[in-house]
Number of protein chains: 2
Amino acid sequence: MRNSGSGGDRGSVPTRERLVRSTQELLWERGYVGTSPKAILERAGVGQGSMYHHFDGKAALALAAIERSAEELWASADACLSGPGTAYDKVAAYLLRERQVLRGCPIGRMTQDRDVACSAELRRPLDALFDRLRARIAEVIAEGVRAGELAAGTDPAALAATVAATVQGGYVLARAADDPAPFDAAVRGLLALLSAQVTTGPTAYPTGPAGHRSIR
Amino acid sequence: MRNSGSGGDRGSVPTRERLVRSTQELLWERGYVGTSPKAILERAGVGQGSMYHHFDGKAALALAAIERSAEELWASADACLSGPGTAYDKVAAYLLRERQVLRGCPIGRMTQDRDVACSAELRRPLDALFDRLRARIAEVIAEGVRAGELAAGTDPAALAATVAATVQGGYVLARAADDPAPFDAAVRGLLALLSAQVTTGPTAYPTGPAGHRSIR
DNA sequence: GTCTATATCTAGATAGAC
DNA sequence: GTCTATCTAGATATAGAC
């Protein structure tokens with residue numbers, strides 16, 4: 001049982017963990033190309049030797065950071081989509097959950113990074129996350145259709161893609177404007193369309209403690 | 001009247017123009033941070049002296065390239081939105097027009113580049129483009145509402161943001177999957193929702209020569 | 001107007017001391 | 001395990017010849 005870092009017995013964050021977290025932050029802020037090992041080390045407060053001891057190099061560290069971010073994002077999204085209420089409520093909870101719009105999506109951002117998109121290994125966690133996300137949203141929608149809440153003839157997979165795309169595109173529009181308003185508008189527009197598919201009004205069900213603001 | 005490049009009288013593209021076009025391509029492929037002056041010069045086939053003669057530096061050249069790309073994108077989008085048919089037809093024409101999905105949007109991509117987003121000057125053309133685009137889509141939708149084609153109560157600005165976001169987000173999902181399918185699914189899902197807002201079926205009007213495949 | 005040579009700084013990684 | 005030196009290459013810009 002080797003010591004996995006000097007911090008474990010001091011109550012501080014182990015070196016390896018600090019490297020991963022620093023890299024998560026920097027990838028989110030600057031992307032892969034814009035993030036240098038030097039910047040990671042400075043933020044983590046460790047020397048170069050530590051980084052190359054724990055990881056093979058920049059790509060390996062980035063992979064660990066991306067996988068971690070994807071896990072965290074999935075946990076957050078799934079919590080919304082597994083919440084109380086109708087299918088509409090669950091989708092609305094996911095759409096209205098988003099935070100820090102101007103920072104963008106830590107995972108979606110990576111798709112614009114050439115070195116990431118061109119690397120099968122680095123792209124895999126992105127693909128896996130969005131695949132799971134769309135599948136989960138589609139599942140929620142399909143349940144709504146089966147329950148008679150949403151219009152029959154609704155294509156769950158297509159609508160799930162629209163939901164995920166609206167969020168990702170909302171980030172893009174908001175960053176272009178340096179203002180979260182376009183993101184909010186896109187979500188509002190989608191929820192308005194979605195509510196038109198609801199045969200039983202979403203508020204006809206008890207929505208439970210979540211109490212998300214309804215759009216229409 | 002100074003000579004604005006040695007190519008004008010030889011039928012070849014002037015140096016300055018070659019620099020702008022090369023930069024457009026590289027910004028699209030690699031983003032701002034990932035594009036070096038050296039790469040631009042190599043693609044344009046000119047020496048460094050030419051670049052620093054025509055432009056102050058990388059940022060100035062990038063600004064010219066981004067403005068050019070925005071103009072081209074606007075022309076293309078506006079053509080779709082000014083086409084024949086109903087409001088649904090026009091929006092569908094815009095949504096279905098998209099090409100080279102895996103390359104992403106040359107303008108939307110820039111929003112993920114820190115140096116661009118943090119520069120008021122470089123961000124301005126992105127903001128202007130998406131602002132015009134949303135305004136134009138909203139105009140089409142508002143006309144549809146006034147004409148009684150689309151449901152009264154529709155919020156043109158919000159729906160326009162949803163349309164633009166679906167496209168931008170579709171690119172993100174497609175690049176994550178390395179497959180255009182999620183883009184197509186997102187568009188299909190949105191058109192299905194939109195068609196539910198159509199009080200008069202879109203095919204009830206003569207759609208003219210455009211003849212876009214209808215989704216539902 | 002265009003070129004090559006040069007300068008400075010940083011990226012990314014290795015070597016080896018402690 | 002962690003540190004500081006050191007290395008090679010490339011980014012970005014300037015200088016000055018042609």
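As a basis for the values below, the full set of heavy atoms in this structure was taken, side chains included, without hydrogen atoms, waters or symmetry mates. Per chain, numbering begins at 1; letters A, B, ... match sequence-line order.
A heavy atom closer than 4.0 Å to some atom of DNA chain D occurs in B:T35, B:S36, B:P37, B:K38, these being the qualifying members of residues 33-47 of chain B.
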Give the intermediate values and the outcome of side-chain contact (heavy atoms from CB on, under 4.5 Å) for residues A:F55 and A:V20. CA-CA 10 Å; A:F55 297 95; A:V20 171; 3.8 Å; yes

Stepwise side-chain contact (heavy atoms from CB on, under 4.5 Å) check, A:F183 with A:V167: CA-CA 7 Å; A:F183 181 100; A:V167 170; 4.2 Å; yes

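Rounded to an integer number of Å, the gap from B:K58 NZ to D:dA13 P is 8 Å. If you measure from atom CE of A:M51 to atom C1' of D:dT4, you get 16 Å, rounded to the nearest angstrom. Taking atom OH of A:Y32 as the reference point, atom P of C:dG12 lies 7 Å away to the nearest angstrom. The CZ-P distance, from A:F55 to D:dG1, rounds to 13 Å in whole Å. When the C1' atom of D:dA11 is taken as reference, atom CG of B:L61 falls 15 Å away, rounded to whole Å. Between the NE2 atom of A:H53 and the P atom of D:dT2 there is a distance of 6 Å, given to the nearest Å. In this structure, CZ of A:R30 is placed 12 Å from P of C:dG12, rounded to the nearest angstrom.
Residues passing the side-chain hydrogen bond (donor to acceptor under 3.5 Å, both in side chains) test with A:S119, sequence neighbours excluded: none.
Proximity of B:H54 to the phosphate of C:dT2: a side-chain N or O atom is located under 4.0 Å from OP1 or OP2. Distances shown here put every side-chain N or O of B:T15 at or beyond 4.0 Å from the OP1 or OP2 atom of C:dG1.
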Write out a two-atom table: protein N or O, nucleotide N or O from nucleotides 14-16 of chain D, distance below 3.5 Å.
from   : atom 1 : to    : atom 2 : distance (Å)
D:dT14 : O4     : B:Q48 : OE1    : 3.3

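Between B:R134 and B:D131 there is a salt bridge, since at least one side-chain N of the basic residue sits less than 4.0 Å from a carboxylate O of the acidic one. Look at B:R21 and B:E25 and you find no salt bridge, because none of the NZ, NE, NH1 or NH2 atoms lies under 4.0 Å from a carboxylate O. In this structure, B:R68 pairs ionically with B:E17, as a charged nitrogen and a carboxylate oxygen lie closer than 4.0 Å.
Judged by the 6.0 Å distance and 45° axis criteria, B:R103 is positioned over the aromatic ring of B:W28. Taking the centre and axis of the six-membered ring of B:Y32, the NZ or CZ atom of B:K58 falls inside the cone set by 45° and 6.0 Å.
Counting heavy-atom neighbours within 6.0 Å of A:E72 CD, excluding the residue itself, gives a total above 12.
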